[in-house]
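Some notes on the structure that comes next.
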Number of protein chains: 4
Amino acid sequence: MECSSIALIGSGRMGSFHGETLSRRLPRARLAAVADPAPGAAGRLAATLGATGQPAGLGDAVRAYTDVAEVWADPEIEAVVIAAPARFHAELIVAAARAGKHVFCEKPTALTLADADRAIDACRASGVIFQVGFNRRFAPDWSAARALIDAGRVGTPRLLRSLTRDPGGFDPARVAPDTIFNETLIHDFDTLCFLNPGATAVEVHAFADALVEPGWRDRGLLDTAVVTVRFDNGAIGIAEACFEASYGYDVRGEVLGSGGMATMGGGRRTGMAFSGPEGRLVETVRGDQELFAGAYTAELEAFADAVRTGTEPPVTGEDARAALAIALAAAESVRTRSPAAVSARSLTEPAP
Amino acid sequence: MECSSIALIGSGRMGSFHGETLSRRLPRARLAAVADPAPGAAGRLAATLGATGQPAGLGDAVRAYTDVAEVWADPEIEAVVIAAPARFHAELIVAAARAGKHVFCEKPTALTLADADRAIDACRASGVIFQVGFNRRFAPDWSAARALIDAGRVGTPRLLRSLTRDPGGFDPARVAPDTIFNETLIHDFDTLCFLNPGATAVEVHAFADALVEPGWRDRGLLDTAVVTVRFDNGAIGIAEACFEASYGYDVRGEVLGSGGMATMGGGRRTGMAFSGPEGRLVETVRGDQELFAGAYTAELEAFADAVRTGTEPPVTGEDARAALAIALAAAESVRTRSPAAVSARSLTEPAP
Amino acid sequence: MECSSIALIGSGRMGSFHGETLSRRLPRARLAAVADPAPGAAGRLAATLGATGQPAGLGDAVRAYTDVAEVWADPEIEAVVIAAPARFHAELIVAAARAGKHVFCEKPTALTLADADRAIDACRASGVIFQVGFNRRFAPDWSAARALIDAGRVGTPRLLRSLTRDPGGFDPARVAPDTIFNETLIHDFDTLCFLNPGATAVEVHAFADALVEPGWRDRGLLDTAVVTVRFDNGAIGIAEACFEASYGYDVRGEVLGSGGMATMGGGRRTGMAFSGPEGRLVETVRGDQELFAGAYTAELEAFADAVRTGTEPPVTGEDARAALAIALAAAESVRTRSPAAVSARSLTEPAP
Amino acid sequence: MECSSIALIGSGRMGSFHGETLSRRLPRARLAAVADPAPGAAGRLAATLGATGQPAGLGDAVRAYTDVAEVWADPEIEAVVIAAPARFHAELIVAAARAGKHVFCEKPTALTLADADRAIDACRASGVIFQVGFNRRFAPDWSAARALIDAGRVGTPRLLRSLTRDPGGFDPARVAPDTIFNETLIHDFDTLCFLNPGATAVEVHAFADALVEPGWRDRGLLDTAVVTVRFDNGAIGIAEACFEASYGYDVRGEVLGSGGMATMGGGRRTGMAFSGPEGRLVETVRGDQELFAGAYTAELEAFADAVRTGTEPPVTGEDARAALAIALAAAESVRTRSPAAVSARSLTEPAP
């Protein structure tokens, strides 16, 4: 069986999870290397995953690189999974594309539209596959909702909702400006687009504040936000986020169309319920890697398949660009205290 | 047992339901009269309710008036339930107050803040009870959520949501301007306030459109809207409405606070589920009078109790004024395509 | 409006509730009298209900009788609601029938089949209406399930389940022998028949024990039981009961047929859910009068309607007899440690 | 990384699924061989799984054997997964044990208690690990319920329920006698024991019939059954099965104890719901391999772990023996139309 050799770039929380997926959950993918500039970080993860992850006899262990240039130069590596901090994404995508490596990149692909476009253009110029980590599209509730939409049962979308609530425990000092839009709500912006296929966001309004950590309001923290999005087909979308929910990790979606409504997400950990003196209690999901374990695996499986077969990836750089455009408009809306227009890419804009 | 004699003003869809409640569902209230200027309308409803509604031997049948002045002059009548078209509400409240009748009025109490204030002031000056028809507060899910909030379990509210979806079948030609804000979403605006006790709305943004009947967009119809509301305690509320949902009548609420989240509304008609070849199906509620039959009864029972005992009504003219202020700001936001400030009542404003 | 004058016999827990329903919740019924042999009991309830319940001006207050013969002799009384202890039911039904009063009787109508038949025959001979208190048939989940069955969507029943769990707090010393079958599970036996219309129970097996109060096992207490019932159409029913559930009052039903499955009962108090650090919590129903308030009202409304209009009552003495036959077979199964046949009424048995 | 080499015995529906799991879903296990006496069957499955399943470069392809003796003689094979027809299970287990291969066997391990004991004894004598395929224990709802029980929150069990409903489509001619007890309900009997830890079943009653295929009743088909089980701690269990449910594959569990109730199983395919003109619809699970994909994987992962580490398997031959004893008593109850005692293994019975 053919097996794609993939390098992981970034060994943090999400990188480690993707590394485990590549080495342990996907028989048709092989984790060839881990790259991380932090001294020792790549080596530690590579050692862990090489030792307990991949089947014995597979040949080389997982290689560890501190200089990402070694990934570009490694001829065995066909593709990379980029899970570095967001500010490095665009540069890494462009470099990967130039090195002829297929690219899976965590969202956002860039922090500016110009960079997002550069990434798209570089991959197109090199002919490499470029897939983006909008994992929610691969979760069963969401893919089932989209199937209903594609089957025409939801009809023309009118109202959409997507929300993300994290379980809290963040350090306000380490939250970069506009993180709530660029890194959290960007999933919801993509979901709104995914549930409103063919439509384009045109106008955005946002209210946002520091409600979890009000002491950080003056330093510009935004930990809670509501963004409304007007699409060119008239549909109105709502994206909500809060960095702390006492009950865990909560992701939901909803689309009301002329034919009916699809709802996604419930937040139950299992189907087990306990009825006792307090009432009926169900456990709630506590983290993204718990809720979306299957979706994280499925997106990398789809990527490995696309690499192997050369087909179109199911989530593209253009999808990421569309979500980023909404995120940037939301941030602008907060700054200007007014609705903001969503920047469309000029159709005549030349590739770099 | 003492029994309040109450007149109904307005014999339309909601008036008829309130009339039935007064005559058939509330032993401690008595429907004394129905008033409606449309020739024959009051008489028909009075005949129906008198014949089959109230216990035999109760004395006078239900009286029918075409001139509301007859209500003011009828000495037996202690109180009125106003279910006339919204544009007459403020005038009727003021007249009732001057006649010394206690007032229950359907929302909105007025279409301008000045009129809402006039109504409040007239009732205060006459010392009559003034209760407003925000029935949702009396529905079990909503009162249970408020009890949790009052008990401190939800903590400080951060994100709130309230939505109303009607089952459709409306005539676009008969929808007055801004109905979606003044008559539909006003329930949701009140709910947001009810779930965020002590806070005041300060800023509003709205997107609204004709998505159910797009052919009426040019004539100014708004049948779908999303309104976001910023409160002075930082909480952000979302109110959504659509005049048509293929699955019936849908009202939901949600509040996320520092302590947890309460959710309200499910839309199931009964607890019965049918599992068959298509999957598992539950029936959905099809109309407001089905979903809120108990709440409509409970609000009038509370009013009759307040009349009998002279206590404070549970929903006041000030509550209605607060919701109207949000509704007016939402309409302004649509017109100006900008966020709008919510008008607070001047504390120094003199009573008339 | 015509209004049925009804006397209540028995002023205990259930009698008081029925008394309230008659005086306060049903405009077309009038509580004319309360009878209870315990000194002062009828008077206390009559005073309470007369004072605060029925509309002023209705004429006589609620009369109180300690001798039930006074009910039979009271010419104003058209009908009785029997909520006395079960061992008196058959005698009271027969006496009421002889006095020409229509009868609503709480389940069971008798403790032997001979008495159940006597009650049926007496009512038939007198031409009075005889309705039995199987309230569950009037609850929305159950009536909706039956409607599905009648519409043919469930198909031929194969497996049925009905269960009752009480919230506990009972006094083992006051539990009469076989109470779990005669008074608790008799509801479930009726439900199994209701969900399997046209079929007849033929064989019963029961396991029963004292599991809530194991110290009373030697004195014959049965507080937990599982009864399986074989019907003549092949369907197999399960009835379960336990006198204590830590989470409240739980009544559920289920029928699997060739076309699909209907499930009834969920046990939630409201649709409100609270998501907090422990997970997601919903309140559970705590008692029968809470869960079935509407059903208790609806069954008496149906009775009052049947009395007024002379139509067939929706639950008959024959229904009660069928459920009692299962209950007696279940008790026999426990005694003999074997399955027991269900006694059918001889078709040739003469009326008295 | 160490990796267990495992042979699959039986290449039918369940065998194929286990083969896929071993080759594609478990990095630490390696499918070394497939054995099946049907000409060509093992070869076809081995070719499929070898070609697309295991990572390239792993050395030998999957070997195919038509004579199971080749498995016993293959020195690379450490363990076997037995998914042959039930009547061969005991013999295969004994042979595997004698060949020193660890054993995972699908339920039932035998069709008589004597054979079940022989299998246990052979494994014990050889010191091989013996795990049984009660996959439900590995499903999240069930393991969460057991965790609650182990934590003491459910208290002493009083009433238990476990049910299995298959999606239908079976061929009555190919259903061996008592299949409903030995192969279907045996899962439920194990579940009742799993949810009532430490207790032993003592008495069983069963009603069973051919209700899906009533034309086969005379030929002894049993396709629908209800079995009640009395345990030595007083708890009463109910196991239900039907070979056809129009809505798919339905497995549920419930335990009511002195502290509360745990419920398991819901049957939803995803968390997505569609609300449309018919009401609210959720998809239901359609087959065991869909519902229990995770549980099937987890049980083999646990087996591979036990093989690698030499620890106790989580489901033992004694567990299988206990469930079989209930199944045999249920079949006897149907034949004798009486309750049947459950055979306990003599404590003094010598090992062979």
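The model shown is predicted, which means the values in this text are computed figures rather than measured ones. Just so it is clear: chains get the letters A, B, ... in the order the sequence lines come, proteins before strands, and each one is counted from 1.
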Worksheet entry | Test: A:Arg137 and A:Asp190 ion pair at under 4.0 Å |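 The answer is yes: the pair qualifies as a salt bridge.
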Fill in: Aromatic centroids of D:His18 and D:Phe104 separated by under 6.0 Å
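Distance test on ring centres: under 6.0 Å, yes.
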Item to complete: Can you tell which part of A:Leu281 gets under 4.5 Å to a heavy atom of chain D, answering side chain, backbone, both or neither?
Response: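 Only the side chain of A:Leu281 comes within 4.5 Å of chain D.
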Worksheet item: Given the options A:Arg269, A:Met272, A:Arg280, which has more heavy-atom pairs under 4.5 Å with chain D than any of the others?
Response: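 Winner by heavy-atom pair count: A:Met272.
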Practice prompt. Specify which of A:Gly260, A:Gly276, A:Pro277, A:Gly271 makes the most heavy-atom pairs with chain D at under 4.5 Å.
Written response: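 Most heavy-atom pairs under 4.5 Å with chain D: A:Gly271.
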Discussion item. Quick one about D:Tyr296 and D:Arg25 (side-chain donor to acceptor, distance below 3.5 Å, no hydrogens or angles considered), yes or no?
Written reply: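 No, because no side-chain N or O of D:Arg25 sits under 3.5 Å from a partner of the opposite role on D:Tyr296.
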Quick one: does [X]'s side chain have a donor or acceptor within less than 3.5 Å of a partner on [Y]'s backbone?
X	Y	value
A:His102	A:Ile129	yes
D:Glu78	D:Ser5	yes
A:Asp141	A:Gly265	yes

Practice prompt. Quick one: which of D:Ala145, D:Gly253, D:Gly267, D:Gly257 has the most heavy-atom pairs under 4.5 Å with chain A, could you say?
Written response: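 Option with the top pair count is D:Ala145.
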Worksheet item: If you tally heavy-atom pairs under 4.5 Å against chain A, which of D:Ala139, D:Ala144, D:Gly266 wins?
Response: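 Ranked by heavy-atom pairs under 4.5 Å with chain A, first place is D:Ala144.
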Fill in: Any residue of residues 149-160 of chain D which, by heavy atoms, sits under 4.5 Å from chain A
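Checking residues 149-160 of chain D against chain A gives D:Arg153, D:Val154.
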Worksheet item: If you round to the nearest 0.5 Å, how far is CZ of A:Phe194 from OG of A:Ser143?
Response: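 The CZ atom of A:Phe194 is 6.5 Å from OG of A:Ser143, to the nearest 0.5 Å.
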Practice prompt. Measure the shortest side-chain to side-chain distance between A:Thr311 and A:Asp305 over non-hydrogen atoms and say whether it is less than 4.5 angstrom.
Written response: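 Result no, sub-4.5 Å side-chain heavy-atom pair not found.
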